[in-house]
Engineer: 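Got a structure for you, written out below as structure tokens; questions coming shortly.
Just so it is clear, the values below take in all heavy atoms, side chains as well, and ignore hydrogens, waters and symmetry mates.
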Amino acid sequence: LDRRCATPWRQMSSPPGMSFRVAVAVAVAAAWKGAAATAECAVRGAAGGETCDAATPLREAPAMLQRRSSVQLSAAAEMGPCCRPFSKWPDVDRNVTCGDCMALVLAKPYDSRCDKYCESFGHVCALAAEDFDNHCKVKHMVPCDKPITGTVDILCKCRLPGATHCDAPSAPTRPPPPHTSPPHTGSRIKVVGRRVLVHGKPIHLKGVAWNPVPKGGKHPANINFAAFVERDAKLLARAGVNAVRTYEPITDLAVLDVLWAHGIWVMNGVYNWGGAPVENVIGKVNAVKHHPAILMWTIGNEWNYNGLYVGMAYWTVVDRLREVAKVIKKHDGEHPVACIYGGIGGLGDASAHMPEVDAWGMNVYNGLSFGSLFGDYANMIKKPLFIGEYGSDAYNALTGEEDQSAQAKATKALSEEIRRHSTVTGGVCFGGFLFELADEWWKDGEGSPSVHDVGGIAPGGGPYPDMTFNEEWWGIVDIERKPRKAFWALQSVAVPSASDESAAEESTAEEFDVEESIAE
């Protein structure tokens, strides 16, 4: 239900005659039809026996627009996890896990076969491979039911039976598009291979997601770019940030003026809700397309899991976003169009059927590393890549308290990993957007938008250290704009340049001294 009901599932009970699974299904169906209030009532009814009026009027459907909407959360809330937590996997070799339900496991107990390994703890094999140098890098893949010989450990991807949502549906029987669109040829901003060039030079985005909603407010009704831009732009510039990503479009030229004065690009989100007509993007694009702060237009936000929040089928969303991209390009030939996907599963199929998309973003939450993500993308797609969302929230569900040090550790590690893979220095990624600048207090559906609530969901994979998404604690500054340790951690990560040879090298293993940075 778009995660507005954040009470952990395990704490909820069902009334007589109605399972919680059924209640969620009813709620999701209601939300897809636009009856958001009825949907919320269905979930509350599952917990407390409430009787829901099917005629309950629509009240808060627009709140479904702004979403971090991570793969893990969408899957957990709507369809269940893809696999059990890695702590429950047997015989993991040297604790090497790769995210996306894949781990390095001992081969001998399972006849060197991944199908037997996965079956040993109630899963099915989705991929089998020989590893490279005891890491997550795939040397070569083999069928799940074939032994991988000559090695003591193997890479196995295991999925829960029936978790079909974890992979994209098979491509439809229709033929692929007969042609691909030419590369973007705008005079100022160009897409050339994997790189995004500005005036002929490659750019790397050290970005942050920006969605300023005040204390007591809700999204999207109370989002207020104009009220926050002066203060937030100074914070962003202080952290060395050079780009923001939005979930609602900025159409106020004065807001863009302030951001641009601080050296900040904008990835302007112009189509995230499938209930809006395609033609709605025209006014949003035309309003600001001539402003120098606009870098790209973004469409969709993990649409492969949310169906653009109205229950569209996967390939229906593909067709819709193709239409949107075509309309954007008809009215603006100077800026690329980027599409933001959830994770990487099935992205190759989507990209093959969406030639109008110039660059791809991926939202990824997987502990302290992106694992094999960059290599997997490089082998699949030749267009520019950026990380649409990443990071860690500041609340630790394991200890029941704020944990700024853990958030700072994840911010530092993940931002440095993106930097090491920058297209500026020959890598595959032209930047990323840390989620997010400031806390938003409206997100816990069980709480109050005037209270800093701690509700969260633990789907079995997600942010460091607790694998729990505590929705109201993601800011690197709090709602009053007081910096957390993660702010200084992000500040410490440099933007790579073509002349910086060290940017392509592995970072040192030194611990980041947050207290020293704050003192400085």
Engineer: Is Arg113 salt-bridged to Asp115, going by a charged N under 4.0 Å from an acidic O?
Structural biologist: yes
Engineer: Where do Ser450 and Trp441 land on the side chain to side chain contact (heavy atoms under 4.5 Å, CB included) test, with the steps shown first?
Structural biologist: CA-CA 7 Å; Ser450 299; Trp441 283 13; 5.6 Å; no
Engineer: Whether Asp91 and Lys108 form a salt bridge (side-chain N of Lys/Arg under 4.0 Å from carboxylate O of Asp/Glu) is what I want to check.
Structural biologist: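 Answer for the salt bridge query: no.
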Engineer: Can you check ring pair (Phe, Tyr, Trp, His ring centres under 6.0 Å) on Phe374 and His421, steps first, answer last?
Structural biologist: CA-CA 8 Å; Phe374 298 111; His421 289 275; 4.3 Å; yes
Engineer: Quick check on ring pair (Phe, Tyr, Trp, His ring centres under 6.0 Å): which of Trp474, Trp473, Trp442 does His452 satisfy it with?
Structural biologist: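 That would be Trp473; it is the only one of Trp474, Trp473, Trp442 passing the ring pair (Phe, Tyr, Trp, His ring centres under 6.0 Å) with His452.
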Engineer: Start with the C-alpha distance between Cys118 and Cys158, add both sets of side-chain angles, then the distance that settles disulfide bond (SG atoms under 2.5 Å apart), and finish with yes or no.
Structural biologist: CA-CA 6 Å; Cys118 296; Cys158 303; 2.0 Å; yes
Engineer: Can you sort out the partners of Lys382 under side chain to side chain contact (heavy atoms under 4.5 Å, CB included), two or more places apart, ordered by chain and number?
Structural biologist: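 Side chain to side chain contact (heavy atoms under 4.5 Å, CB included) list for Lys382, sorted by chain: Arg194.
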Engineer: Is a side-chain N or O of Asp358 found less than 3.5 angstrom from the main chain of Ala338, in a donor-acceptor match?
Structural biologist: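 Judged by distance alone, no pair lies under 3.5 Å.
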Engineer: Taking SG to SG, are Cys114 and Cys125 separated by less than 2.5 Å?
Structural biologist: no
Engineer: Mark yes or no for whether Asp478, through its side chain, and Asp439, through its backbone, hold a donor-acceptor pair below 3.5 Å.
Structural biologist: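 Checked: no pair found.
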Engineer: Quick one, Tyr390 with Thr411, criterion side chain to side chain donor-acceptor pair (under 3.5 Å). Give me CA distance, side-chain angles, the key distance, then yes/no.
Structural biologist: CA-CA 8 Å; Tyr390 73 97; Thr411 297; over 6 Å; no
Engineer: First locate atom CZ of Phe435, then atom CZ of Phe469, and finally report the distance between them rounded to the nearest 0.5 Å.
Structural biologist: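 Rounded to the nearest 0.5 Å, the CZ-CZ separation comes to 10.5 Å.
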Engineer: Are Glu440 and Lys443 ion-paired here, with the side-chain N under 4.0 Å from a carboxylate O?
Structural biologist: yes
